[in-house]
Amino acid sequence: MRKLFALIAVLGMLTIGASTMLKAQEATDAAQEAAQTTSTISSSDEDVVESTSLHAAIKQKFIEGGAGFMAAVILCLIFGLAIAIERVIYLNLSDTNTKKLVAGVEDALNNGGIEAAKEYCRNSRGPVASIFYQGLMRYDQGVDMVEKSVVSYGSVQMGLLEKGLTWISLFIAIAPMMGFLGTVIGMIEAFDNIQAAGDMSPALVAGGIKVALITTVGGLIVAMILQVFFNYCNSKIEGIVNNMEDASVSLLDILVKYNQKNK
């Protein structure tokens, strides 16, 4: 009987120990799952923070730089970019294949005469085609008159190509000026704080100097962005003008040959 009781007691202790170990293992697994879930949430939170940190930092610097001066700098960027993008689109549409145009005009002139050449130029886009059309309109007045017409209308087309660039250069100049103006005003505020407190404390001048530096950086960044577009537009204009001059000489040569052929 005593052996039976002892056996039952041992089995009970083993059962209790096994259940205790099982509960401990379940608690450990639950803790690991919770840690993994927390790690996943933390990593996702970090991704969200990283994606929004740049926007928040820019917004914070804009506020710290002073709404008035930073708004003026941003307006310079917006208006400057609007004009620059319009010029880029216009210049790219104006940049045509002049060799193909000259060959087409020559072919139309030889096959259909002046009227066919004018029709070909009328249906072609770009300033070179417009110059050719104006020159062909005065063919009956002589080659010299054609040359004068080409030169005069070439100046008109060049003015159209350069339209709006003065506004871009204006915004390039104004943006850093607004930044420097904010710099001067920020320094004045810093010295006013020093005078009011009667003490040269770094905390008093830090705010004014910070505003000064932020507005200066903003103005310089805007000027650099617009300067890239300005130089690109100037480069495109130079290329188009060179093509216009070369094509105009080719047109005069074609008309001289056409005159000699029809004599």
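Since we're looking at a predicted model, the values are computed, not measured. Both backbone and side-chain heavy atoms feed into the values below; hydrogens, waters and symmetry mates do not. Numbering starts at 1 and runs along the sequence shown.
Of all the heavy atoms in Ala116 and Ala108, the pair that sits closest is CB-O, 3.5 Å. Nearest approach of Ala175 to Ala223, heavy atoms of both residues: CB-N, 4.3 Å.
The CG atom of Leu91 sits 8.5 Å away from the CG atom of Asp95 when rounded to the nearest 0.5 Å. Atom OG of Ser149 sits about 9.5 Å away from atom CD1 of Ile131, to the nearest 0.5 Å. Rounded to the nearest 0.5 Å, atoms OH (Tyr120) and CG (Leu136) are 12.5 Å apart. For the atom pair Cys76 SG and Leu226 CG, the distance stands at 8.0 Å (nearest 0.5 Å). Note that OG1 of Thr96 is 8.0 Å distant from CD1 of Ile240, once rounded to the nearest 0.5 Å. How far CE of Met177 is from CZ of Phe180: 9.0 Å, rounded to the nearest 0.5 Å.
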Take Asn92 and Lys236, measure what side chain to side chain contact (heavy atoms under 4.5 Å, CB included) needs, and give me the verdict at the end. CA-CA 8 Å; Asn92 278 281; Lys236 291 292 291 184; 3.7 Å; yes
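Under the 4.5 Å side-chain heavy-atom criterion for Ile, Leu, Val, Met, Phe, Trp and Tyr, Val73 and Val217 are members of the same hydrophobic cluster. Residues Phe171 and Ile221 share a hydrophobic cluster, clusters being chains of Ile/Leu/Val/Met/Phe/Trp/Tyr side chains in contact below 4.5 Å. Hydrophobic clustering places Leu81 together with Ile174 (ILVMFWY residues linked when any side-chain heavy atoms are closer than 4.5 Å, directly or through intermediates). Under a hydrophobic clustering in which Ile, Leu, Val, Met, Phe, Trp and Tyr are joined whenever their side-chain heavy atoms come within less than 4.5 Å, directly or via other members, Ile225 and Val88 fall into the same cluster. Hydrophobic clustering of Ile, Leu, Val, Met, Phe, Trp and Tyr side chains at less than 4.5 Å, counting indirect connections, keeps Met137 apart from Val146.
Between Phe132 and Val102, the closest side-chain pair of non-hydrogen atoms falls below 4.5 Å. Between Leu255 and Leu109 the shortest side-chain heavy-atom distance falls below 4.5 Å.
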Atom pairs and distances, donor-acceptor, side-chain atoms in residues 154-168, under 3.5 Å, two or more places apart:
residue, atom, partner, partner atom, Å
Ser155, OG, Val151, O, 3.3
Gln157, NE2, Tyr153, OH, 3.4

Anything under 3.5 Å between a donor and an acceptor, one on a side chain of residues 244-252, the other on a protein residue two or more places apart or in another chain? List them.
residue, atom, partner, partner atom, Å
Ser248, OG, Met244, O, 2.7
Ser250, OG, Asp246, O, 3.1

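Within 6.0 Å of CZ on Phe79 lie no more than 12 heavy atoms contributed by other residues, nucleotides or ligands.
The side chain to side chain donor-acceptor pair (under 3.5 Å) contacts involving residues 121-136 comprise Glu119-Arg122, Glu119-Asn123, Arg122-Tyr133, Gln134-Arg138, where partners must be two or more places apart or lie in separate chains.
Asn110 contributes a side-chain N or O that, together with a main-chain N or O of Glu106, makes up a donor-acceptor pair within less than 3.5 Å.
Looking only at atom types and distance, the side chain of Asn231 has a donor-acceptor partner in the side chain of Gln227 under 3.5 Å away.
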